[in-house]
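Reviewing the structure listed below.
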Number of protein chains: 2
Amino acid sequence: MGVASKQPTARIRKSPEQVRSAVHQAVIDLLSDSEGADLTIPAIAQRAGVNHTSIYRRWGGREALLVDVVTTRLERDWPLNDTGTLRGDLTAWVEAGVASIRTPEGRLLVRAVALSMPSSSHTQAERAQHFQRRIHSIERIRERAAARGESPPPLEEILDQLIAPLYLRAIFGIDPPASGYAQLLVGRLLGDTGAPGAA
Amino acid sequence: MGVASKQPTARIRKSPEQVRSAVHQAVIDLLSDSEGADLTIPAIAQRAGVNHTSIYRRWGGREALLVDVVTTRLERDWPLNDTGTLRGDLTAWVEAGVASIRTPEGRLLVRAVALSMPSSSHTQAERAQHFQRRIHSIERIRERAAARGESPPPLEEILDQLIAPLYLRAIFGIDPPASGYAQLLVGRLLGDTGAPGAA
DNA sequence: GCCGCGAAGCAAACATCTGTGCTTACGATG
DNA sequence: CATCGTAAGCACAGATGTTTGCTTCGCGGC
C-alpha cells in the first residue's frame, strides 16, 4: 500500500481501429482453433484482449459480428477478377474459392455464413445479405460476358454447378480433388464434353 | 387445508417412449415455427411437455439431440428406393430430397445438420456420422447399378451435381425450380444433352 | 404380491452469456 | 493549450441455459 497504492496501471486503451482489427483476428483464430465451437462474445473479447462490452456496443451481437468478419474476409480472399473471357472469369473465381476453402480458416468462414444462428429470426435477412454479394459478383461476370457477345449460362446453373459444390465441400470439410477442379467444374458448366481440345 | 390438502395431482408421468416421441416432435415444431431460432433445451422441453432435465439426462445436450432427430427424420422422409435403373434410383432419391426441402421442416432439418454447433469440438465426427449414411445410400445405389451392368458415375460427381445443389438450396433457403428439377439434375449427371428423347 | 432397477419429475444451485450506467482516456477542434 | 465528443474499459445487475441431488412412479423379476 503506501506510495504506489493506486498505479494508473500500464493498461493502455486500444483505438477503435485496433479493436476492430483485434476482434476480427480473434474470430478467425477461434474459428480455426476449436473448429468454431464456443464462439462466444466473451471468448472473442478475451482472445482479442478487449473488453466484451466494446464488442456488444459496436456490433450488437454475435451474428452481426460474424457477418462482418465473414464478409470482409471472403471478399478479400475470394475476389472477382477480369480475365477477358467468361471461362477465364469463372475459372479464376472458382480457383480462388478452392484455394480459400483449402485452408481451415476459409472453410470455417464459409461455414460460419451458414451457421449464422442461433437465436434470432432475422437471420434469414443477414444470410441473404452475404449471399446477395456472392450472387452479385456472379451477375457482374455474366454481364461482362454478355457485353462481349458471349452467352453466359443462367444463374441457376452457376448456382448448382459452381457455388453448390464449393459450399458443400466447405461446410462438410470435404477436400476438393487435388488438381484441375476449377477447370473441371467450369468445363462441365460450359458444356465441355469428355476431352475438349488438348493444349 | 382439510381433506384434499395434498392432491397427488393428476400429473402423470410419461413413459420413456412417450418422452422420446414428444421431444422429437417438439424439435420439429420449433424448427418450423421460429425458423430454427431459439432452439434451446428449455424451449424444447416446454413444448414437449416434459421436464428439461429429462432431455439433458437422456441426450446430454442440444447437439446430440439434433443429430438424433435429424437422422431419424431424414432417413424416414428421404429414403432409398429400388426402381430398377440407375436413373430411376437417382431420380427418385433426388425427388424425395426436393420434396423434403420444399417444406420448412425439411430445410431446417438439413440446415441443422450443417449447423450442428455451437459448443463442442467433436461436432465434426457427428456431422460425418450423418453424412456417412447419405454417402452410404448413394454407394448402395451405385453398387446395384454396377451389378446390373450399368456404369454409375463416380461418387465425386454425384456429390457435386446432386447432393451439393440440394444441400445448398436447403441451407440457404433457395427454392428449387418449380418442376422437373430432379430430372434436370440427374440428366446432367448422366450426360444428357439438350433434349433427350421426348416422352 | 413384494422388491428393486431405471427413468421422469422437481427444485435449487451453478455457470455463463447479455446488457447497462458510469468513468476515463484518446484525438480532434477552436 | 483548453475543451468537447467519441468510444473503450470497469463493475455490476439481469436473464438464461446447464447441471446436480433427491424423490417418486412404472414395470419387470423373484
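In this text, all values refer to a predicted model and were calculated from it rather than measured experimentally. Below, read A as the first sequence line, B as the second, and so on, with proteins coming before strands; counting in each chain starts at 1. Just so it is clear, the values below take in all heavy atoms, side chains as well, and ignore hydrogens, waters and symmetry mates.
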Whole angstroms only, please: what is the CZ-C1' distance between B/R62 and D/dT16?
13 Å

Looking at B/T53, does any N or O in its side chain come under 4.0 Å of the phosphate oxygens OP1/OP2 on C/dG9?
no

How many Å lie between CG on B/N51 and P on D/dT18, as a whole number?
14 Å

Do A/D77 and A/S100 pass the side chain to side chain donor-acceptor pair (under 3.5 Å) test, and can you show the C-alpha distance, the side-chain angles, and the key distance before you say yes or no?
CA-CA 7 Å; A/D77 297 342; A/S100 185; 5.2 Å; no

Rounded distance in Å - CD (A/Q46) to P (C/dC17):
10 Å

Can a cation-pi geometry be assigned to B/R73 and B/W78, taking NZ or CZ under 6.0 Å from the six-membered ring centre and within 45° of the ring axis?
no

Is the Lys NZ or Arg CZ of A/R20 less than 6.0 Å from the centre of A/W59's six-membered ring, within 45° of the axis?
no

Result for 5'-nearest mapping on DNA chain D, choosing between B/A43 and B/S15, is B/A43

Quiz question: going by heavy-atom distance under 3.5 Å, is there a donor-acceptor pair between the base of C/dG19 and the side chain of A/H52?
yes

To the nearest angstrom, how far is A/D38 atom CG from C/dA15 atom C1'?
13 Å

Does some side-chain heavy atom of B/Q25 sit less than 4.5 Å from a side-chain heavy atom of B/R47?
no

Check this one for me: any side-chain N or O of B/R57 less than 4.0 Å away from OP1 or OP2 of D/dT19?
no

Please state whether the phosphate of C/dG9, meaning OP1 or OP2, lies under 4.0 angstrom from any side-chain nitrogen or oxygen of B/S54.
yes

Roughly how many Å is it from NZ in A/K14 to P in C/dG27, rounded to a whole number?
14 Å

D/dT19, OP1 or OP2 - any side-chain N/O from B/Y56 closer than 4.0 Å?
no

Modelled atom types, side-chain donor and acceptor of A/T53 and A/N51, under 3.5 Å:
yes

Decide whether A/Y167 and A/R111 meet the rule of one side-chain donor and one side-chain acceptor closer than 3.5 Å.
no

Any chance the side chains of A/D160 and B/Y181 put a donor and an acceptor closer than 3.5 Å?
yes

Whole-Å distance separating the CD1 atom of A/I41 from the P atom of D/dA8:
14 Å

Please tabulate the protein-to-nucleotide N/O contacts below 3.5 Å involving nucleotides 2-6 of chain C, giving atom names and distances.
none

Starting at atom CZ of B/R58, determine the distance to atom C1' of C/dA8, rounded to an integer number of angstrom.
10 Å

Please state how far atom CG in A/L39 lies from atom C1' in C/dC17, giving the value in whole angstrom units.
13 Å

